[in-house]
Peer 1: 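One structure follows; several queries about it will come next.
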Amino acid sequence: MERMHVGDETFWSIGDVARKTGLTVKLIRHWSDTGVIHPACRTPAGYRMYGTEALARLQLAQTLRGLGLGLAAIRDVLEREDTLSEVAATHIDALEAQIRTLRSQQAVLRSVTRRDTTAEGLTIMTELARMSAAERRTIIHDFVTETLGELDVPTYRRGLLAATPDLPADPTDEQVDAWLELGELVRSPGLREGLRRMARYAAEHHPGEHGDGAARAAEQVTNDWLRRVETAMRQGIAPDSPAADPVVTAVVATWIPTQAAQGATLVDDAQARALLLRQLEVASDTHMERYWQLLCIINGRPVRPSMAAAGRWLTTALRANPEPGARAAQLDAVYDADDDAWEPLGVLHACEEALDAVELLVSAVRRDRFDRPTPCADWDVRTLLNHIVWENLLWAGLADGTPRSDFTADHLGDDHLAAFRAASRAARSAFSRPGMLEQRYGPAPGHRLVEQLVIEMLVHGWDLARAVGHPSGIPQHLAEAALPVVREAYGDLPRTAAGSFAPPQPVPEGAGALDRLAACMGRSVD
C-alpha cells in the first residue's frame, strides 16, 4: 500500500515518502527509529505510514543535515528543545573552529609544497598549526628564557618576552605560514646563537636597565644610517671606494652621541670606527632579522624591509675606510708613483685596443641570450651589457668635468651595439682631449681614469665572453700590464659580498694573463 486516506488526512508509506523527499528508505527508517520523525499510524500488516507533519519534519531535517548539523542537534530543533537560532549559533561556532583547522591544514600542505620538508618536519609543522595561543606564547617564552640564561639584559629580555605571536581568530594564509616558519626558526641553533651573541655583547658593554629614550635614540641612528647608505647605493657609490668615506663620516657623527651614556668619549677615528663595525657585525644576524619580520606578519604589523644589503655596504665601507681619509691616502700613494704600466705605446693605445675588442664581443651577442647568467653575481647578460655601457659614460663624464649620476638608468635601449658604440665614442673623445692625461681629477691624474676604464673593459669583457660562450679576443698583453696595477690599487680591499670584488680565486697552472686577471678580481676560471 503506497498511501491511504483517513477522513481528510492522507498518509504515505515509507517508499512513497522516499520518492517525495529524495531520501533513501534506509535513512528514513533510521531517522524514524531514532525519533527524528514519527509514523502517524501503521497498516493492519504493521507497515509504518507517515503524514504531512512527518514530511515537513523530514524536509527540515534534510536542510539541517545539508548544513552539517549532527543527528542530536537536528532532533533538538525538531523537538523544540533548542530554538533554530540557538542551534544555528552553536553550529556557526563549530564551523568556525572547523574552518580554522582546515585553514591550518591547508597552510601546512602549502608549506610542504614550497619547502623540501622531511617527514619529521611535517610532524613538527602539524603540531605547530594545532597550538593554542597560550601554547604559542609558551614556546617564545621558553626560547627567550633558555637562550638569555642569566645575562644581565633586563630591558632586552622584557622586550623579547613582550613580543609574542598573536594570531588573530581568522588569520590569513600568510600569517599561518609565518607562524609555522617562526615555530621552526626558534628551534634552529642559528637563531639561538645570534640572539645569545647580541645579548652577551649588551651584557658586557651596556648591562642593566635602559629607558625608552635609549631605544628611541638607537632607532633614530638606525634610520639615519639606513637612509644615508641606501642613498649611496642608489647613486652607485662603491663601499670600498674613497667616495664612501663621507658617508661613513656622517654615520659616525650621528652614532657617537649614543655612546656617551656608556661613558665613552669618542671622536671619529680608527677606534670609533672599529667599535661601530663591531656593533654592526654583532647586530647583523639574518636569523634575528627574520624572527622580527615573522612576528610582525603574525601580529598584523608593517614589516620593515631587510637591512641586510645596507648593513653589508656599511660594514664594507668601514673596513675599506678604517679611519677618515685612509682609502684616499692609500690611492694617493699609488697615484703619486705615476708609473705608466702601458708603455711603450701608452694607456690611450691600450684603451683603444680594449674598446675595440669589447665592441666585437658586444656585436656577437644576440638578444635571445640576454637572460643568460654571467660570472657577475646576480647579473644576466643584459645587465652586464648595460653596466659596460655605463662604465664608458661614467669615465667620459668624469674626464669632461660632467659627472654622471644616472647609475640605475637603462643605458642600453633597444640596440645594445649602438648604445655601446655611442658610449665608447664619448670615452675616446673625452680621453683624447689635449692635456687630459696630465690634468688632475682630485688626487688622480687623468691617465688613471683611462686606466680604470681599460681594467673595467678587460674584466667585464672576460665576463661577457664567458656568459655567451664566445672567444674574448682581448689581447693578453693588456691583461699582463693590468695585473700589477690591479694588485697595487685593489689588493688590500675587503673582499666582501658588498665589495667591488669577490675574494681572489685559484687559477690552473699555465693560465693566461686574462684568466689570472679575472681570478684576481674574484672570478672562477675553471
Side-chain angles (χ1 to χ4, degrees), residues 197-198 201-202 204-206 217-218 220-284 307-338 398 403 440-445 448-449 452 485-504 520-522:
R197 183 169 58 251
M198 290 186 206
Y201 184 90
E204 291 173 357
H205 298 274
H206 315 295
Q220 289 173 356
V221 169
T222 299
N223 291 336
D224 177 79
W225 74 252
L226 272 174
R227 176 178 57 81
R228 294 180 187 278
V229 167
E230 287 170 352
T231 299
M233 293 171 69
R234 286 193 299 271
Q235 292 172 342
I237 296 175
D240 45 18
S241 70
D245 198 15
V247 181
V248 174
T249 298
V251 170
V252 171
T254 305
W255 164 80
I256 281 177
T258 65
Q259 307 303 298
Q262 285 74 46
T265 302
L266 298 174
V267 295
D268 187 2
D269 58 11
Q271 178 185 357
R273 293 192 178 195
L275 179 59
L276 175 57
L277 176 59
R278 175 61 181 150
Q279 290 182 4
L280 288 169
E281 288 173 336
V282 170
S284 61
M307 299 188 297
R312 288 192 294 268
W313 191 99
L314 183 53
T315 54
T316 300
L318 283 163
R319 291 189 182 101
N321 299 272
E323 57 184 314
R327 178 62 180 151
Q330 184 183 35
L331 289 177
D332 285 349
V334 173
Y335 299 150
D336 288 343
D338 204 28
L398 289 172
R440 305 296 289 193
Y441 296 86
R448 292 290 186 176
L449 272 64
Q452 185 61 46
V485 177
V486 166
R487 288 171 179 149
E488 184 180 33
Y490 307 129
D492 295 333
L493 286 184
R495 301 298 184 101
T496 67
S500 300
F501 315 111
C520 182
M521 302 291 253

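FYI, the numbering just counts along the sequence from 1.
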Peer 1: In Å and rounded to the nearest 0.5 Å, what is the OG1 to CG distance from Thr254 to Leu276?
Peer 2: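 These two atoms lie 10.5 Å from each other.
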Peer 1: Minimum heavy-atom separation for Trp313 and Ile237, please, with both atom names.
Peer 2: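 That would be NE1-O, 3.0 Å.
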Peer 1: Is Arg228 salt-bridged to Asp224, cutoff N-O under 4.0 Å?
Peer 2: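 Salt bridge flag = yes for Asp224 with Arg228.
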Peer 1: Which pair of non-hydrogen atoms, one from Cys520 and one from Val486, has the smallest distance, and what is that distance?
Peer 2: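 Smallest heavy-atom distance, with atoms named: SG-CG1, 3.9 Å.
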Peer 1: Applying side-chain hydrogen bond (donor to acceptor under 3.5 Å, both in side chains), name anything that partners Glu281, two or more places apart in sequence or on another chain.
Peer 2: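 Expected list: Arg319.
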Peer 1: At what distance, to the nearest 0.5 angstrom, does CG of Leu318 lie from CG of Asp240?
Peer 2: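 If we round to the nearest 0.5 Å, Leu318:CG and Asp240:CG are 12.5 Å apart.
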Peer 1: Do Pro445 and Arg440 have side-chain heavy atoms sitting under 4.5 Å apart?
Peer 2: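 They are in contact (side-chain heavy atoms under 4.5 Å apart), so the answer is yes.
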Peer 1: Looking only at heavy atoms, which two atoms of Ala498 and Thr316 are closest? And how far apart?
Peer 2: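 Distance-wise, the nearest heavy atoms are CB-OG1, 3.6 Å.
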Peer 1: CE/Met307 to CZ/Arg312 distance, rounded to the nearest 0.5 angstrom?
Peer 2: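 CZ of Arg312 is found 12.0 Å from CE of Met307.
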Peer 1: Which value, rounded to the nearest 0.5 Å, describes the distance between Arg487 atom CZ and Met521 atom CE?
Peer 2: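 Those atoms lie 11.5 Å apart.
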Peer 1: Would you sort out whether Tyr201 and Arg278 count as a side chain to side chain contact (heavy atoms under 4.5 Å, CB included), showing the intermediate values?
Peer 2: CA-CA 10 Å; Tyr201 184 90; Arg278 175 61 181 150; 3.8 Å; yes
Peer 1: With a 4.5 Å cut-off on side-chain heavy atoms, are Trp225 and Leu314 touching?
Peer 2: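 They are in side-chain contact.
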Peer 1: Give the minimum heavy-atom separation between Asp269 and Pro324, together with the two atoms involved.
Peer 2: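 Distance-wise, the nearest heavy atoms are CA-CD, 4.1 Å.
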Peer 1: Of all residues at least two apart in sequence or in a different chain, which pass the side-chain hydrogen bond (donor to acceptor under 3.5 Å, both in side chains) check with Arg495?
Peer 2: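 Counting only residues at least two positions away or on another chain, Arg495 forms no side-chain hydrogen bond (donor to acceptor under 3.5 Å, both in side chains).
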Peer 1: Apply side chain to side chain contact (heavy atoms under 4.5 Å, CB included) to Ala328 and list each qualifying residue two or more places apart in sequence or on a separate chain.
Peer 2: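 Counting only residues at least two positions away or on another chain, Ala328 forms a side chain to side chain contact (heavy atoms under 4.5 Å, CB included) with Pro242.
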Peer 1: In Å and rounded to the nearest 0.5 Å, what is the CD to CG distance from Gln452 to Leu398?
Peer 2: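 Answer rounded to 0.5 Å: 10.5 Å.
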Peer 1: Side chains of Gln259 and Gln279: do they bring a donor and an acceptor to under 3.5 Å?
Peer 2: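 Yes, because at least one side-chain N or O of Gln259 sits under 3.5 Å from a partner of the opposite role on Gln279.
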Peer 1: Assess, by modelled atom type and distance only, whether the side chains of Arg227 and Thr222 contain a donor and an acceptor separated by less than 3.5 Å.
Peer 2: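 Not at all, the side chains of Arg227 and Thr222 share no donor-acceptor pair under 3.5 Å.
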Peer 1: Salt-bridge test for Asp492 and Arg327: reply yes if a basic N is under 4.0 Å from a carboxylate O, no otherwise.
Peer 2: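 Salt bridge flag = no for Arg327 with Asp492.
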Peer 1: Could you pull out the closest heavy-atom pair between Arg273 and Asp268, with the gap in Å?
Peer 2: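 The answer is NE-OD1, 2.8 Å.
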Peer 1: Testing the basics here: between Leu226 and Ala310, what is the closest heavy-atom pair and its distance to 0.1 Å?
Peer 2: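 Residues Leu226 and Ala310, closest heavy atoms: CD2-CB, 3.7 Å.
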Peer 1: Atom CG of Asn321 and atom CG of Asp245: how far apart are they, to the nearest 0.5 Å?
Peer 2: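 Result: 4.5 Å between the selected atoms.
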